[in-house]
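Atoms considered below: every heavy atom in the structure, side chains included; atoms not considered: hydrogens, waters and symmetry mates. Chain letters run A, B, ... following the sequence lines, proteins first and then strands; every chain starts at 1.
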2 protein chains.
Amino acid sequence: MTSNARFAELATLSGDPARASMLFALMDGRALTAAELARVAGITPQTASGHLSRMTAGGLLSVEKQGRHRYHRLATPSVAHMLETIMQVAAELDPDRQRPIVGPRDPALRKARACYDHFAGRLGVALADALVERGHVELTSDAGLLTESGIAFLGEIGIDTGPMLQRRTLRSGRVLCRPCLDWSERRPHLAGAVGAAICTQSMRNGWTRRRDDTRAVLVTPAGERIFRETFGARIE
Amino acid sequence: MTSNARFAELATLSGDPARASMLFALMDGRALTAAELARVAGITPQTASGHLSRMTAGGLLSVEKQGRHRYHRLATPSVAHMLETIMQVAAELDPDRQRPIVGPRDPALRKARACYDHFAGRLGVALADALVERGHVELTSDAGLLTESGIAFLGEIGIDTGPMLQRRTLRSGRVLCRPCLDWSERRPHLAGAVGAAICTQSMRNGWTRRRDDTRAVLVTPAGERIFRETFGARIE
DNA sequence: GCGATGCTACGGCCGGCGCCGTAACGTTCG
DNA sequence: CGAACGTTACGGCGCCGGCCGTAGCATCGC
């Protein structure tokens with residue numbers, strides 16, 4: 001029954017408030033240093049270092065040495081997915097937190113931000129809506145599918161879906177297309193390999209840019225146009 | 001930042017070994033008493049009662065009074081899904097536990113068991129494979145979709161898909177069709193509303209029966225025939 | 001080299017909580 | 001109504017682990 005122990009270990013590691021803060025901060029997919037993570041959690045670097053060691057040993061995080069810095073990131077997409085589902089349960093049983101006041105205060109964060117490796121906020125939801133409306137993807141509350149027309153559309157904007165389709169086996173592996181509940185909009189945006197590919201492509205083409213110190217994502221004028229004209233998305 | 005606190009609370013509640021054992025036992029969707037759960041966790045009923053109170057207050061469980069018994073069950077499908085994803089991460093980072101020795105020892109459990117509200121084990125995987133093969137559902141590693149032919153097929157075996165399709169909005173709600181990684185077979189079986197409906201129908205029609213004291217599910221002779229001839233599934 | 005910086009290792013304090021035993025309460029049944 | 005059973009409430013013990021301070025190790029810049 002060692003599987004039980006693993007399970008409990010993962011949950012315990014995620015369950016400490018300080019560690020949860022750090023995991024939250026890492027949900028945008030970036031790699032951060034111990035000092036940065038200590039700051040967001042409100043603890044000293046020494047303490048944070050201990051937490052990070054435990055989470056790395058437990059399989060939640062992976063480390064990357066670079067000079068005198070050690071960058072920490074979420075170990076796998078599965079870990080990000082796990083954190084998402086816990087957040088979803090947390091969101092569901094907060095009946096008091098109604099629509100208007102939910103989520104981050106920062107308007108920039110509400111407009112567009114990164115969620116592990118894909119877009120969230122109004123941008124993420126609007127893109128998902130547009131792709132669904134045009135029949136490029138099909139989404140239910142917890143399942144998604146990329147259609148033939150979607151494959152063609154992604155090809156048009158320079159995304160090769162070949163490698164993704166390769167892995168359409170039923171084994172474990174990268175998610176092809178999947179909804180992810182947006183915690184500010186309370187509606188799903190696009191995650192999985194398709195969501196990640198769109199995010200990557202947007203960054204590469206200069207449609208969006210990361211802002212250094214936050215999860216917020218900046219939509220450039222070129223991006224505004226592309227998202228509106230090519231995707232058909234309305235980000236009000 | 002109360003969302004952080006909720007998150008941490010949920011994870012902490014799931015993180016204790018004793019509580020994790022109880023949650024595991026409840027993963028088959030049944031409602032169990034404090035005494036039964038105490039037995040599977042290896043603690044006294046008093047201690048178990050305390051754990052159950054906390055998990056109920058925390059939103060993981062719901063209670064149902066019946067005479068002098070109090071039955072505890074998982075509060076929502078989201079909770080079951082959350083536990084699944086944690087299990088999935090746990091399974092992924094166990095490199096040593098290879099195919100043959102993984103999962104439960106009990107052969108009956110490996111053959112067919114309940115996973116919250118749907119089938120798992122070789123039965124669950126075989127049914128999922130058969131439905132995919134005949135084009136009734138489409139499954140990737142983390143997304144699923146019920147096809148038109150699938151709707152027709154379910155109708156033939158007496159399952160009305162109307163209510164499910166009703167809720168195909170993009171809001172939160174019940175899952176229509178979704179894969180769930182099988183921890184003994186390491187391949188997905190069918191979860192979501194479709195998986196649950198098939199399980200319910202099988203129980204009602206006497207194709208399968210629950211065994212009292214375990215998660216194992218008994219496939220009746222009638223069930224063997226139906227699954228083989230109507231579903232086209234091969235449970236070797 | 002030397003100091004500054006980022007990070008980790010170790011020791012000590014202390015609060016939280018998991019566990020049990022005892023006890024009280026409610027339900028069921030004879 | 002009283003005994004038996006399931007469950008919850010309370011008190012006390014013990015340990016795990018989060019926190020910080022100090023100290024030690026690597027890396028970078030001068």
Side-chain angles (χ1 to χ4, degrees), chain A residues 1 4-26 30-73 212-213, chain B residues 1 4-26 30-73 212-213:
Chain A
M1 200 54 68
N4 194 329
R6 276 262 184 231
F7 178 99
E9 188 189 355
L10 286 172
T12 299
L13 284 175
S14 314
D16 177 78
R19 287 196 288 264
S21 296
M22 300 194 243
L23 291 171
F24 261 60
L26 291 170
R30 284 185 305 180
L32 302 177
T33 66
E36 292 172 308
L37 290 168
R39 207 164 42 80
V40 305
I43 53 180
T44 63
Q46 312 90 291
T47 303
S49 175
H51 284 305
L52 292 169
S53 300
R54 289 188 59 183
M55 287 195 283
T56 303
L60 283 177
L61 302 182
S62 65
V63 205
E64 196 177 326
K65 288 190 60 168
Q66 221 175 86
R68 61 177 161 182
H69 293 281
R70 291 168 66 94
Y71 290 97
H72 302 261
R73 58 158 35 97
D212 291 340
D213 52 343
Chain B
M1 198 56 69
N4 194 329
R6 276 262 182 228
F7 178 99
E9 189 189 354
L10 286 171
T12 299
L13 284 175
S14 315
D16 176 78
R19 285 194 290 263
S21 296
M22 299 194 246
L23 290 172
F24 261 61
L26 292 170
R30 283 184 306 180
L32 302 177
T33 66
E36 291 172 309
L37 290 167
R39 207 163 41 80
V40 305
I43 53 181
T44 64
Q46 310 94 293
T47 304
S49 175
H51 285 306
L52 293 168
S53 300
R54 289 188 58 182
M55 288 196 281
T56 303
L60 284 177
L61 302 182
S62 65
V63 207
E64 197 177 325
K65 289 191 60 169
Q66 219 175 87
R68 60 177 163 181
H69 293 283
R70 290 168 65 93
Y71 290 97
H72 302 261
R73 57 158 38 96
D212 291 339
D213 50 345

Rounded to whole Å, please give me the gap between [atom1] in [X] and [atom2] in [N].
X        : N       : atom1 : atom2 : answer
Arg70(A) : dC25(D) : CZ    : C1'   : 12 Å
Asp16(A) : dG16(C) : CG    : C1'   : 12 Å
Leu13(A) : dC16(D) : CG    : P     : 16 Å
Glu64(A) : dG6(C)  : CD    : P     : 19 Å
Tyr71(B) : dT8(D)  : OH    : P     : 13 Å
Arg39(A) : dG6(C)  : CZ    : P     : 12 Å
Glu9(B)  : dG16(C) : CD    : C1'   : 14 Å

Is any side-chain heavy atom of Leu37(A) closer than 4.5 Å to a side-chain heavy atom of Leu26(A)?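 The answer is yes, as the side chains (C-beta and beyond) meet within the 4.5 Å cut-off.
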Side chain proximity check, Leu23(A) to Leu13(A), heavy atoms < 4.5 angstrom: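 No, side chains not in contact.
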Does Ser49(B) offer a backbone N or O that forms a donor-acceptor pair with the side chain of Ser53(B) under 3.5 Å? yes
Give, for atom CE of Met22(B) and atom CE of Met55(B), the distance between the pair rounded to the nearest 0.5 Å. 4.5 Å
Roughly how far, to the nearest 0.5 Å, is the CG atom of Leu61(B) from the NE2 atom of His72(B)? 7.5 Å
Of the nucleotides dG18(D), dC20(C), dT7(D), which one has an atom closest to the side chain of Ile43(B)?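 Looking only at heavy atoms from C-beta outward on Ile43(B), the closest nucleotide is dC20(C).
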Candidates dC19(D), dG6(C), dT8(C) - which lies nearest the side chain of Ala18(A):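 That would be dC19(D).
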Which pair of non-hydrogen atoms, one from [X] and one from [Y], has the smallest distance, and what is that distance?
X        : Y        : value
Ala34(A) : Ala48(A) : O-CB, 4.1 Å
Ala31(B) : Tyr71(B) : O-CD2, 3.4 Å
Ala25(A) : Leu32(A) : O-CD1, 4.1 Å

Residues which pass side chain to side chain donor-acceptor pair (under 3.5 Å) with Thr33(B), listed by chain and number, not counting sequence neighbours: Glu36(B)
What pairs of residues pass the side-chain hydrogen bond (donor to acceptor under 3.5 Å, both in side chains) test when at least one of them lies in residues 8-22 of chain B, not counting sequence neighbours?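 Matches after skipping sequence neighbours: Asn4(A)-Ser21(B), Arg19(B)-His51(B).
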What pairs meet the salt bridge (Lys or Arg N to Asp or Glu O under 4.0 Å) rule with one or both residues in residues 51-67 of chain A, with sequence neighbours excluded? Glu64(A)-Arg73(A)
So if I define the base as every atom that isn't primed, P, OP1 or OP2, how would nucleotides 22-30 of chain C read as a B/S/- string at a heavy-atom cutoff under 4.0 Å? B----BS--
Return no unless some side-chain N or O of Thr44(A) is found under 4.0 Å from OP1 or OP2 of dC19(D). no
Hey, is the side chain of Thr47(B) poking within less than 4.0 Å of OP1 or OP2 on dG18(C), counting only N and O atoms? no
Using five pairs at either end of the helix from dG1(C)-dC30(D) to dG30(C)-dC1(D), determine the angle between the two local helix axes and round it to 10 degrees. 30°
Short of 4.0 Å, heavy atom to strand atom, which residues of residues 49-61 of chain A count as contacting DNA chain D? His51(A), Arg54(A)
